[in-house]
Peer 1: 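My questions all concern the structure below.
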2 protein chains.
Amino acid sequence: MSKVKPIGPIPAGYETIDGELSIGGETASALVAEHGSPLFIYSARHLDSRIEALRAAMPDQLHIHYAMKANPYAPLLSHMVGLVDGIDIASGGELAMALGAGASANHISFAGPGKRDDELLRAIQAGVTINIESPTECDRALAIGANEGLQPRLAIRVNPDFDLKGSGMKMGGGAKQFGMDVELVAPTVQTILEAGAHWRGFHIFAGSQALKADAIIETQAQTIALAARLAEEIGQSPEHVNLGGGFGIAYFPGDEALDIAQIGHALDQQFAKLPAILRETQFAVELGRYLVGEAGVYLTQIVDRKESRGESFLVVDGGLHHQLAASGNFGTVIRRNYPAAIATQYDKPSEEIISIVGCLCTPLDLLSDRAEMPKAQVGDIVAIFCAGAYGASASPANFLGQGPAKELLVG
Amino acid sequence: MSKVKPIGPIPAGYETIDGELSIGGETASALVAEHGSPLFIYSARHLDSRIEALRAAMPDQLHIHYAMKANPYAPLLSHMVGLVDGIDIASGGELAMALGAGASANHISFAGPGKRDDELLRAIQAGVTINIESPTECDRALAIGANEGLQPRLAIRVNPDFDLKGSGMKMGGGAKQFGMDVELVAPTVQTILEAGAHWRGFHIFAGSQALKADAIIETQAQTIALAARLAEEIGQSPEHVNLGGGFGIAYFPGDEALDIAQIGHALDQQFAKLPAILRETQFAVELGRYLVGEAGVYLTQIVDRKESRGESFLVVDGGLHHQLAASGNFGTVIRRNYPAAIATQYDKPSEEIISIVGCLCTPLDLLSDRAEMPKAQVGDIVAIFCAGAYGASASPANFLGQGPAKELLVG
């Protein structure tokens with residue numbers, strides 16, 4: 001017999017119409033009838049309420065940036081540009097998309113360990129802030145600026161000497177390809193200042209996808225202390241400090257939503273006792289997954305239902321080519337089930353243990369492993385939640401000749 | 001201090017010119033100078049010699065099919081069409097590509113657990129063999145055929161009651177979404193015959209990426225015995241039996257190349273003592289990775305070299321968006337190093353322990369972890385081997401706004 005495996009928690013805020021999952025006021029079956037399957041649906045209302053709740057919890061003076069790598073779908077990105085204080089990019093391709101979505105160059109910053117010269121050139125021409133990751137990258141940016149007769153806007157990305165505890169992805173606290181070790185920061189800022197370029201401040205990103213407020217609070221305090229120590233060493237206040245992100249979302253069984261009120265309260269206290277050298281500094285957090293992850297649902301229609309050796313399978317017309325992370329093949333060691341449901345039987349009780357597999361001819365294409373679900377048939381629609389971040393753009397869309405899923409932003 | 005980690009074995013057949021890795025008679029630096037970086041290079045000579053060696057080892061009457069999911073790059077696919085006896089596809093998209101590459105519909109077969117009606121329709125119209133994965137899929141195919149006034153060519157994909165031992169991906173031996181359980185096969189063939197459709201035979205695929213000849217030999221013997229048992233139950237000889245694949249290539253430290261001579265010898269013996277009901281049957285093996293994997297090299301140029309907390313990093317302009325599997329994020333639980341080299345310092349001795357990371361702003365983007373390499377600088381070119389299968393098409397090309405790498409088939 002199959003052993004049941006739990007699914008992750010379905011994000012709050014989803015409703016039903018006539019017993020079906022609805023998004024933006026339309027049922028899953030109406031959305032698929034109109035737009036086809038597979039389909040990524042992003043809810044603008046979810047995006048709005050997430051930002052609103054975050055602003056209410058955080059200190060007024062904190063800027064909120066969107067790390068567009070989480071989801072670069074153009075209509076969603078344009079929507080986010082209207083909601084946040086800055087867009088963080090990670091490539092020349094994302095620079096073009098951010099400008100295309102209406103972001104102002106003043107509010108764009110560019111991080112990434114392998115920026116090519118042509119990307120630095122376009123970033124300097126556009127006037128965006130470049131988070132410098134190494135002394136040699138600094139030299140390249142200054143040379144390009146001098147060659148163009150332009151003053152680059154350069155922040156230093158620091159490899160912090162601490163990490164974000166409980167983080168799904170550590171990006172600090174040891175040997176890293178990201179940013180520069182602490183002792184290289186002051187000399188590199190001196191080089192920037194001597195070259196007459198515009199030193200913007202620091203970018204300090206210790207890790208991502210943490211669900212414990214305590215860990216984020218501790219990291220933010222360490223980040224502010226590190227920024228103060230570096231500013232003292234440089235002898236100049238930074239205009240801007242990017243405190244990184246780290247705000248996680250609940251994907252898996254047992255995950256609990258992050259307590260942002262606690263983080264906001266602690267950050268208020270931090271801001272109230274800032275060292276003198278940081279009192280005029282503009283602070284920001286850089287969030288991707290936290291802002292958009294729960295606003296997206298991946299809908300995919302059931303093509304076959306089959307039994308094999310006592311187990312049941314639903315075969316859908318989508319798969320890991322659109323939702324690689326949900327298949328357990330992206331950044332996870334042990335596969336666990338994302339939140340999932342039969343969208344067209346949404347209010348029905350669970351009746352059976354069933355696996356939901358994608359249409360690809362590979363055993364990797366497993367979207368939900370032996371979870372309890374209402375009884376579904378061919379034509380029913382499966383919903384995979386938490387599909388708003390690292391979904392469509394982080395999956396191999398052309399694998400097995402399938403091509404991308406349609407994406408749609410709804411109200 | 002860094003602890004050195006080994007790299008996988010570099011495939012045979014690569015040469016040097018002026019101390020550099022060369023492919024198709026051109027150095028890595030000449031190829032990158034002409035075509036840019038990052039760049040997938042596929043060697044036609046490697047493809048030719050791999051097929052030639054395989055044909056020499058296998059029984060004359062065995063057909064060799066190419067499973068194009070491994071690499072659908074159009075010029076490579078066209079080249080393969082000229083070398084093999086059949087093309088195995090896994091989607092409507094691959095059907096169009098196979099026909100476009102000049103494959104004859106008679107030599108195409110289509111497997112995949114989630115075939116949509118529109119894909120079945122196109123396959124039936126084209127006249128390719130469809131490997132039927134469930135009784136309900138059979139009903140759909142027969143209905144579409146009847147509706148079109150066409151006689152579908154249908155084989156049965158069997159979920160074998162054994163697996164391929166030591167296989168990287170098991171596709172048989174238990175509850176599976178692939179094919180149908182053994183006891184469903186004969187009734188489904190009866191349905192096909194009664195409907196007046198063309199029953200082509202069996203497709204029995206137990207697993208892939210095995211490196212032990214013994215395991216493949218045992219599986220092939222079991223597969224032939226199963227085909228005979230099913231044919232007796234049906235009371236009719238199958239025209240065609242696809243014995244599956246399973247031939248692996250050496251990716252990782254300690255992997256040893258598969259002994260195909262041993263497999264060919266055993267298969268000769270099997271064919272010499274075939275049961276009467278299979279004596280007129282055409283047998284085929286379906287290989288993807290084994291045919292094309294070692295013929296591909298991914299070239300990517302070094303953008304930065306940095307030291308952090310006692311470790312050294314080379315940052316390249318490519319990454320997991322082109323080579324997801326090499327980053328350890330596709331179908332592997334424990335990350336190990338693919339074969340890699342500094343292409344532009346190819347004949348130099350190892351001098352240091354260094355990690356090669358991609359340009360993406362994520363710690364997942366690790367192409368080679370703390371391996372011994374000659375000393376490389378910015379502008380040098382890194383080669384990741386075994387890039388001919390499940391590389392470009394199995395990676396999230398648009399992640400972080402990067403876009404696909406150029407691909408090139410050379411002589």
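A note on names: the letters A, B, ... follow the listed sequences, proteins ahead of strands, and every chain is numbered from 1.
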Peer 1: When heavy-atom pairs shorter than 4.5 Å are enumerated against chain B, which of A/L314, A/T136, A/I302, A/I334 gives the highest number?
Peer 2: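 The residue among A/L314, A/T136, A/I302, A/I334 with the greatest pair count is A/T136.
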
Peer 1: Given a strict heavy-atom distance threshold of 4.5 Å, which part of A/S208 is in contact with chain B: side chain, backbone, both, or neither?
Peer 2: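 Neither part; nothing is under 4.5 Å.
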
Peer 1: Checking heavy atoms, do the side chain of B/R140, its backbone, both or neither come under 4.5 Å from chain A?
Peer 2: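 Looking at B/R140, just its side chain touches chain A.
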
Peer 1: Could you measure the distance from the OG atom of B/S393 to the CG atom of A/N398? Nearest 0.5 Å is fine.
Peer 2: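 The OG atom of B/S393 sits 8.0 Å away from the CG atom of A/N398.
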
Peer 1: Mind ranking A/A70, A/G114, A/G358 by heavy-atom pairs under 4.5 Å with chain B and telling me who comes out on top?
Peer 2: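 When all of A/A70, A/G114, A/G358 are compared, A/G114 has the most.
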
Peer 1: Side chain from CB out, backbone as N, CA, C, O: work out which of these in B/P363 comes under 4.5 Å of a heavy atom of chain A, or both, or neither.
Peer 2: both

Peer 1: Report yes if some heavy atom in the side chain of A/H321 is under 4.5 Å from a heavy atom in the side chain of B/P396; otherwise report no.
Peer 2: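 Counting from C-beta outward, A/H321 and B/P396 never come under 4.5 Å.
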
Peer 1: B/D117 versus chain A, heavy atoms under 4.5 Å apart: side chain, backbone, both or neither?
Peer 2: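 Neither part.
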
Peer 1: Hey, which residues of residues 92-100 of chain B are touching chain A, say heavy atoms under 4.5 Å apart?
Peer 2: B/G93, B/E94, B/M97

Peer 1: Working to the nearest 0.5 angstrom, can you tell me the gap between B/K306 NZ and A/E133 CD?
Peer 2: 5.5 Å

Peer 1: Can you tell which of B/A394, B/S395, B/P404, B/A392 has the highest number of heavy-atom pairs within less than 4.5 Å of chain A?
Peer 2: B/A394

Peer 1: Is chain A contacted by the side chain of B/T362, its backbone, both, or neither, given a heavy-atom distance below 4.5 Å?
Peer 2: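 Both the backbone and the side chain of B/T362 come within 4.5 Å of chain A.
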
Peer 1: B/L320 versus chain A, heavy atoms under 4.5 Å apart: side chain, backbone, both or neither?
Peer 2: side chain

Peer 1: So which of A/L184, A/V303, A/V378 has the biggest tally of heavy-atom pairs under 4.5 Å with chain B?
Peer 2: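 Heavy-atom pairs under 4.5 Å are most numerous for A/V303.
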
Peer 1: Could you measure the distance from the OG atom of A/S37 to the CZ atom of B/R116? Nearest 0.5 Å is fine.
Peer 2: 8.5 Å

Peer 1: Is B/L400 in contact with chain A via its backbone, its side chain, both, or neither, using a 4.5 Å heavy-atom distance?
Peer 2: both

Peer 1: Listed by chain and number, what are the salt bridge (Lys or Arg N to Asp or Glu O under 4.0 Å) partners of A/R309, not counting sequence neighbours?
Peer 2: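 Partners of A/R309 under the salt bridge (Lys or Arg N to Asp or Glu O under 4.0 Å) test: B/D181, B/E183.
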
Peer 1: Could you work out, with salt bridge (Lys or Arg N to Asp or Glu O under 4.0 Å) as the rule, every residue matching A/D163, not counting sequence neighbours?
Peer 2: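 Listed in chain order: A/K170.
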
Peer 1: Would you indicate whether the side-chain heavy atoms of A/L324 and B/L324 approach each other to under 4.5 Å?
Peer 2: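 B/L324 reaches A/L324 side chain to side chain.
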
Peer 1: To the nearest 0.5 angstrom, please state how far the CG atom of B/L366 sits from the CD atom of A/Q177.
Peer 2: 7.5 Å

Peer 1: For A/Y390, is it the side chain, the backbone, both, or neither that has a heavy atom closer than 4.5 Å to a heavy atom of chain B?
Peer 2: side chain

Peer 1: Using modelled atom types and a 3.5 Å cut-off, is there a donor and acceptor pairing between side-chain atoms of A/S308 and backbone atoms of B/K176?
Peer 2: yes

Peer 1: Measuring heavy-atom distances to chain A, does B/L360 have an atom under 4.5 Å in its side chain, in its backbone, in both, or in neither?
Peer 2: backbone

Peer 1: Is A/P113 close to chain B through its backbone or its side chain, or both, or neither, when contacts mean heavy atoms under 4.5 Å?
Peer 2: both

Peer 1: Quick one, A/C361 and B/R157 - any side-chain contact, counting heavy atoms below 4.5 Å?
Peer 2: yes

Peer 1: Select one option (side chain, backbone, both, neither) describing which atoms of A/E307 are under 4.5 Å from chain B's heavy atoms.
Peer 2: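 The backbone, not the side chain.
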
Peer 1: Give a yes or no on whether the ring-centroid distance for A/F399 and B/F330 is below 6.0 angstrom.
Peer 2: yes

Peer 1: Give me the atom names and distance for the closest heavy-atom approach of B/A90 to A/Q402.
Peer 2: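 Distance-wise, the nearest heavy atoms are O-NE2, 4.3 Å.
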
Peer 1: Mind checking what makes salt bridge (Lys or Arg N to Asp or Glu O under 4.0 Å) contact with A/K69, not counting sequence neighbours?
Peer 2: none

Peer 1: Please identify, among B/S134, B/P72, B/G112, B/S355, the residue contributing the most non-hydrogen atom pairs under 4.5 Å to chain A.
Peer 2: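 It is B/S134.
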
